[in-house]
Amino acid sequence: MPELPEAETVRRQLEQQLVGRKIIQSWARLPRITFPNIETFARETQNQTIIAAKRRGKQIYFPLSNGQNLLIHLGMTGQVRVIPGEAVLLPDSFHKHIHAALALDNSTQLIFTDPRTFGKIGVSVELPFLQTMGPEPLDEDFDAHALAQKLAGRATKIKNALLDQKLVAGLGNIYADEVLWLARVHPETHANNISTRKMREIVGHMKPVLERAIAARGATLQDGGYQDVFGQYGEYHPHAYGNTGKPCERCGAPIQRGVLGAGKSGRSFHFCPKCQKRKEAK
DNA sequence: ACAATTACCTGTATGC
DNA sequence: TGCATACAGGTAATTG
């Protein structure tokens with residue numbers, strides 16, 4: 001699923017494709033995922049020039065010439081494509097999973113697809129997530145010690161803490177499992193039971209693993225999974241996530257899968273039972 | 001302020 | 001073959 005490396009891959013590609021382009025026509029069809037509503041989205045994007053392509057955590061956004069921002073969150077199964085197109089959008093011809101489209105002034109179209117509709121697309125002048133979201137692991141002034149201290153203050157399990165976008169931006173199931181595998185920490189270890197040294201190790205793995213994943217254009221877990229703007233799969237292969245039953249690349253023990261939280265809304269985690277032993281009483 | 005739980009959604013996989 | 005059920009999880013909203 002799209003996390004920081006996948007969002008950054010898409011951002012970089014869209015930066016090349018979109019910046020400087022003028023939006024000629026805009027269309028969306030699903031009120032639930034279009035904000036603030038379909039009419040405003042269409043009105044406030046049309047005839048605007050795209051100034052820049054930015055990202056914060058998993059959120060991608062584009063400042064427009066009228067002071068608005070075009071925002072895209074890929075959610076679970078969201079994808080954006082840039083395709084050669086016509087000057088006029090033909091929504092009747094769109095596949096049912098296409099929920100928004102922008103026609104640009106160079107005869108290309110930006111297409112937003114999302115079968116599971118957990119993604120979002122819309123416009124907003126304000127960007128409140130810039131304030132509420134936790135630090136960016138790839139920022140130059142990223143303070144690893146401060147983050148380690150913040151995480152260590154939490155009573156919840158470390159995997160849950162890493163997924164909390166208010167504590168640190170951009171990690172999802174794949175890369176949270178990944179940094180815990182790299183640091184040899186069991187995902188169910190309570191954050192406040194992790195030593196300062198070990199917590200700094202966890203935090204220290206964030207930047208390198210995210211950069212490696214970006215270099216591979218993200219991770220695609222299965223056929224039909226995450227694809228970039230050109231329809232290409234990501235080539236980063238996680239060590240833990242999705243590897244249930246396969247040998248750990250460090251020690252050979254089979255990777256195990258577990259579930260955090262209650263049944264229906266439980267979140268899976270993946271770990272090596274030999275490298276990532278629990279070091280506390282339940 | 002924090003932690004835990006639930007709802008949202010549908011293509012794919014699995015079971016009978 | 002067909003139908004029913006389970007599963008996937010980022011985020012917002014709700015509850016304690």
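Treat the numbers as computed from the prediction; the structure is a model and nothing was measured.
Regarding A:D164, its CG atom lies at a distance of 10 Å from the C1' atom of B:dC2, rounded to whole Å. The nearest whole Å value for the distance from the CD1 atom in A:I60 to the P atom in C:dG10 is 15 Å. Atom P of nucleotide C:dG10 and atom OH of A:Y175 are separated by 12 Å, given to the nearest angstrom. Distance A:R267 CZ to B:dA7 C1': 10 Å, rounded to the nearest Å.
Between A:K120 and C:dG10 there is no side-chain N or O to OP1 or OP2 distance below 4.0 Å.
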Q: Would you mind building the protein contact string for nucleotides 9-14 of chain B? One character per nucleotide, 5' to 3', B for base within reach (heavy atoms under 4.0 Å), S for sugar-phosphate only, - for untouched.
A: BBS---
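Side-chain atoms of A:N173 come within 3.5 Å of backbone N or O of A:S268 as a donor-acceptor pair.
A:K120 NZ: more than 12 foreign heavy atoms inside a 6.0 Å radius.
When ring centroids are compared, A:F94 and A:W27 come within the 6.0 Å threshold.
Among the protein residues, A:F129 comes within range of no part of the nucleic acid, since none of its heavy atoms lies under 4.0 Å from any strand. Residue A:T77 is classed as having no contact, given no heavy-atom separation below 4.0 Å to the nucleic acid.
Using cut-offs of 30° and 60° for the angle between ring planes, the A:Y236 and A:H239 rings count as perpendicular.
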Q. Stepwise, does the ring pair (Phe, Tyr, Trp, His ring centres under 6.0 Å) test hold for A:Y61 with A:F129?
A. CA-CA 11 Å; A:Y61 62 103; A:F129 58 85; 5.5 Å; yes
